[in-house]
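In what follows, a single structure is set out as structure tokens and then discussed.
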Amino acid sequence: MCVRYTLHKTDAALGAISRALGEPLEVPDWAPRYNITLTDFAPVVARSGAAAAVRLMRWGLVPENERANPRPRLLANARAETVASLPAFRRAAAGRRCLVPANGFYEWLSRGTAKLPYLFTLRGEEPFALAGIWDPASDGLPETYCLLTTAPNEVMAPVHDRMPVILTAETMPRWIGDQPLAPGELVALTRPIDPGLMESRPLGRYVSNSRNQGPACLDGPDAPREGEFNFG
DNA sequence: CCAGACGTTGTT
DNA sequence: GTCTGG
DNA sequence: CCAGACGTTGTT
DNA sequence: GTCTGG
């Protein structure tokens, strides 16, 4: 499950997407955040008609049967293997595929009882896009989005058995769109990214609390924490 | 993922 | 609201 | 036709 | 211990 990511270099991430699409994108009024999680609003690049545009959407799709619920269950992820056929995702997968700009994402390694956070990025801090689908606003809900997951690659596998679908400059323009994908194209686009393009490193526990939203989320395990004394 | 709650009825 | 299973 | 579901992950 | 909200 991918339930946390960071978008702290928004200009760079949107710039990379803009170049990949060959279309201009406006940077939204949005402060950098290092710990985006379910229910947060974040920039999403989606097509509305011909043009791609950036909109702030809320993370967490709400299936139809939950729409009347004042506290609906939110869907953070959709499996790439099943997204095209499941009722909750099918429509969005066919006609509302979006790009979710990111600079990195987090996963937790379960070691015994402990959960150790790791940061996953592209080499050289290359910005990227996560593959998403989105639902329009309705029933008093804002526009919402959801991230696709796929099998882990070699970088991911030691930490976690699923990973988000990461799109490159080559795959971004193929993924985004409001028309159904050709058969096989969805499969091709949601394959695990080349592990040679990725890197990971362990982090301190600060990021684990989703209330923490600042740059200290990227601190390593040995970084001093606020509110603690350093001895020696 | 973590943090925080974990409950109902009748009444004001 | 809409699809699926019975 | 109606009833019931509509989702993922982790963990064991 | 487990579920829910964020």
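In what follows, chains are A, B, ... by sequence order, proteins preceding strands, each numbered from 1.
Distance alone, capped at 3.5 Å, is enough to place a donor-acceptor pair between the A:R201 side chain and the A:L218 backbone. No donor-acceptor pair closer than 3.5 Å links the side chain of A:R47 to the backbone N or O of A:R97. In this structure a side-chain-to-backbone donor-acceptor pair under 3.5 Å is missing from A:E154 to A:P195.
A:T39 comes within contact range of at least one nucleobase, with a heavy-atom separation under 4.0 Å. Contacts of A:A88 with the nucleic acid, taken as non-hydrogen atoms under 4.0 Å apart, involve only primed sugar atoms and P, OP1 or OP2. Residue contacts shown for A:L61 are absent, as no nucleic acid heavy atom lies under 4.0 Å away.
Rounded to an integer number of Å, the gap from A:L148 CG to D:dG7 C1' is 13 Å. Here E:dC3 presents its P atom at 17 Å from CG of A:L74, a figure rounded to the nearest Å. Taking atom CZ of A:R162 as the reference point, atom C1' of D:dT11 lies 16 Å away to the nearest angstrom. The nearest whole Å value for the distance from the CZ atom in A:R73 to the C1' atom in D:dC6 is 12 Å. Rounded to whole Å, atom P of E:dG5 lies 22 Å from atom CD1 of A:I36. Nucleotide B:dC1 holds its C1' atom 15 Å from the CZ atom of A:R33, rounded to whole Å. In this structure, CD of A:E66 is placed 14 Å from C1' of D:dT8, rounded to the nearest angstrom. The CZ-P distance, from A:R67 to C:dT2, rounds to 12 Å in whole Å.
Comparing C:dT4 with D:dT8, their P atoms sit 15 Å apart, to the nearest whole Å. Nucleotides C:dG5 and D:dG7 are separated by 12 Å at their P atoms, to the nearest Å. With P as the reference atom, E:dG1 and B:dT11 are 39 Å apart, rounded to whole Å. Taking atom P in both D:dC6 and B:dA5, one finds a spacing of 30 Å when rounded to whole Å. Rounded to whole Å, the separation between the C1' atoms of B:dG10 and D:dC1 comes to 43 Å.
Salt bridge absent: A:E64 and A:R91 never bring a charged side-chain N and a carboxylate O closer than 4.0 Å. A salt bridge is defined here as a Lys NZ or Arg NE, NH1 or NH2 lying under 4.0 Å from an Asp or Glu carboxylate O, and A:R162 with A:E81 meets this definition.
Listed candidates were C:dT4, D:dT8, B:dC2. Nearest to the side chain of A:F89 is D:dT8. Nearest to the side-chain atoms of A:L38 among the listed nucleotides E:dG6, B:dC2, D:dT8 stands E:dG6. Which of B:dG4, D:dC6, B:dC2 sits closest to the side chain of A:R205 comes down to B:dC2. For A:R91, the side-chain atoms get nearest to C:dC3 when compared with the rest of C:dG1, D:dT8, C:dC3. Considering only the side chain of A:N209, B:dC2 comes nearest among E:dG6, D:dT8, B:dC2. In the set D:dG7, C:dG1, B:dC2, C:dG1 carries the atom at the smallest distance from any side-chain atom of A:N65.
The ring pair (Phe, Tyr, Trp, His ring centres under 6.0 Å) test with A:Y5 singles out one residue from A:Y106, A:W59, A:F120, and that residue is A:W59.
Regarding contacts with the backbone of D:dT8, a side-chain N or O of A:T82 is found under 4.0 angstrom from either OP1 or OP2. OP1 and OP2 of B:dA3 both lie 4.0 Å or more from every side-chain N or O belonging to A:K115. In this structure, A:T149 does not reach the D:dT8 phosphate: none of its side-chain N or O atoms is under 4.0 Å from OP1 or OP2. Between A:R79 and D:dT9 there is a side-chain N or O to OP1 or OP2 distance below 4.0 Å. Side-chain N/O atoms of A:R211 include one lying less than 4.0 angstrom from OP1 or OP2 on B:dG4. Of the side-chain N and O atoms in A:R4, none sit less than 4.0 angstrom from OP1 or OP2 of B:dC1. Note on A:S210: every side-chain N or O is 4.0 Å or more away from OP1 and OP2 of B:dA3. Close to D:dC6, at under 4.0 Å from its OP1 or OP2, lies no side-chain N or O of A:R90.
Summarising the base pairing, B:dT8 is matched to no nucleotide, lacking a Watson-Crick or G-U wobble pair whose two defining distances lie under 3.5 Å. Nucleotide D:dA3 has C:dT4 as its partner under the Watson-Crick or G-U criteria, with both atom distances under 3.5 Å.
Surrounding CZ of A:R90 are at most 12 heavy atoms belonging to other residues, nucleotides or ligands under 6.0 Å away.
Sequence order on DNA chain D of the closest nucleotides to A:P63 and A:M1 puts A:P63 first from the 5' end.
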